[in-house]
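One structure is given here, and the rest of the page talks about it.
We count ligands from 1, going down the list as the structure has it; atoms in each ligand are counted the same way.
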Amino acid sequence: MKRKFLAGLLCVAMGVTTMAGTASVFAAEADTETEAPADDADAEAPADDAAETVDLGDIDVENTRIGISIYQFADNFMTLYRTELVRYLTEDLGFKESNIIVQDGKNDQAEQTNQINNFITDQVDVMILNLVQSSSAPQITDICNEAEIPVVYINRQPDETESDRWEADGIKATYVGADARQSGTFQGEEILETENKGDINGDGKVSYIMVQGDPENIDAQYRTEYSVKALTDAGIEVEELLLQRGDWDQAKGQQIVQDALTQFGDQVEVVFCNNDAMALGALQAIQAAGRTINKDIYLVGVDALTDAVQNILDGNMTGTVFNDHFSQAQTAAQMAVKYLKGEEVAPVNMVDYVKVTADNAAEILEKIK
Ligand code: BGC
């Protein structure tokens, strides 16, 4: 089953949205609802398996060296992503594990910049980088470009001015990710799909708390904005009781929601979390406060971590959004392969998110576990 899903996801990855760098597909769309790719996870598996689908040309797979730096190994989502990236590069594409160098950025940009400088000294052939601070992209791109090493940025999207520059100046740098506006919109839609559209106490407005990821990260900014925008676009009045940064971290999510429930009590109808790690923390706080999900409070996250999807099935979370690390990791590897073959790569490559609610949680769980 899993193998079929991976193949199916590859199909999604191959259909990835590439952009010229001027505007993302969502900026161009007035109504993101029409973009809902809810069926993507069901994409039919192609006949060929992944290794046969990707043309490696005359790449010397035995000797090609790939430098990877992840912003922080302690991040649950990036651990899934990293595992799939290494698995795909080695098992499906045939690169040697000993030639894939994976570093932990330890959430410290100076440390990560050192790692990148070491990749340059070691003369890796291509880098796949999950920056600690996406604002470092111009500086990092310049040092890699000078060393003539192509870069595939993942997960933390550099500014549009930066990706525009890559394209205008013919710099071998690209971004692979998912448009966080879509995930935010899906979270808002999940609340709109509840029986009372999030207005549990019937006072005519949805009162929420927002637990934000690291606000330097565009995923945190967009999910915060677009989750609420989906409600207001549908004509729903909203009241923000609290917005606080939880830095993508479960323990911080728990503390923030515990304090918010003490302060605002029954006023809190919806808890939006920018990711599932923080939502799982929020759930602990919600249960400790004696509140009941989907009866007197709603809770939504993003990522589709296994625990979160299981909680949706058990009625302990309202919804999440699948942040497709399979397709993202595979697309990132495929962009690296294109660079290694000397091919052109679009500056921005986006993979779709998938809405996850009680309706499809069982199916999604089967696919991700
Ligand atoms: C994920 C978070 C993760 C973050 C890391 C986001 O896309 O949803 O779970 O912590 O990326 O940058």
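Side-chain polar atoms of Y88 and Q334 form a donor-acceptor pair below 3.5 angstrom. Between the side chains of T64 and D125, not a single donor N or O lies within less than 3.5 Å of an accepting N or O. Of the N and O atoms on the side chains of E167 and S163, not one donor lies less than 3.5 Å from an acceptor on the other residue. Side chain to side chain, N155 and Q328 fail the donor-acceptor criterion of an N or O pair below 3.5 Å. Side-chain contact, E162 with T141: a donor N or O sits under 3.5 Å from an acceptor N or O.
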Residues Y175, Y153; criterion ring pair (Phe, Tyr, Trp, His ring centres under 6.0 Å); working and verdict: CA-CA 5 Å; Y175 174 71; Y153 290 110; 7.9 Å; no
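Of all atoms in ligand 1, listed by their number and element, those nearer than 4.0 Å to a heavy atom of F77 are 1 (C), 9 (O). When each atom of ligand 1 is checked for a heavy atom of N275 under 4.0 Å away, the hits are 2 (C), 8 (O), 9 (O), 10 (O). Close contacts of ligand 1 with N217, meaning ligand atoms under 4.0 Å from a residue heavy atom, involve 12 (O).
Of the protein's non-hydrogen atoms, D303 OD1, 3.3 Å is the one closest to atom 1 (C) of ligand 1. For atom 3 (C) of ligand 1, the closest non-hydrogen atom of the protein is D75 OD2, 3.4 Å. In terms of protein heavy-atom proximity, atom 11 (O) of ligand 1 is closest to N155 ND2, 2.9 Å. In terms of protein heavy atoms, atom 6 (C) of ligand 1 is closest to D219 OD2, 3.4 Å.
Between D108 and K106 no salt bridge is recorded (no basic side-chain N to carboxylate O distance below 4.0 Å). Checked for salt-bridge contact, R165 and D142 meet the test: a charged N lies under 4.0 Å from a carboxylate O.
Below 3.5 Å of separation, one finds no N or O of N274 facing any N or O of ligand 1. Of the polar atoms of Y353, none of the N or O atoms is found under 3.5 Å from an N or O of ligand 1, judged by distance alone. Taking any N or O of W248, backbone or side chain, none lies under 3.5 Å from an N or O belonging to ligand 1.
Residue R223 touches ligand 1 through its side chain alone, judged by heavy-atom distances below 4.0 Å. Contact annotation for N130 and ligand 1: no heavy atom of the residue comes within less than 4.0 Å of the ligand.
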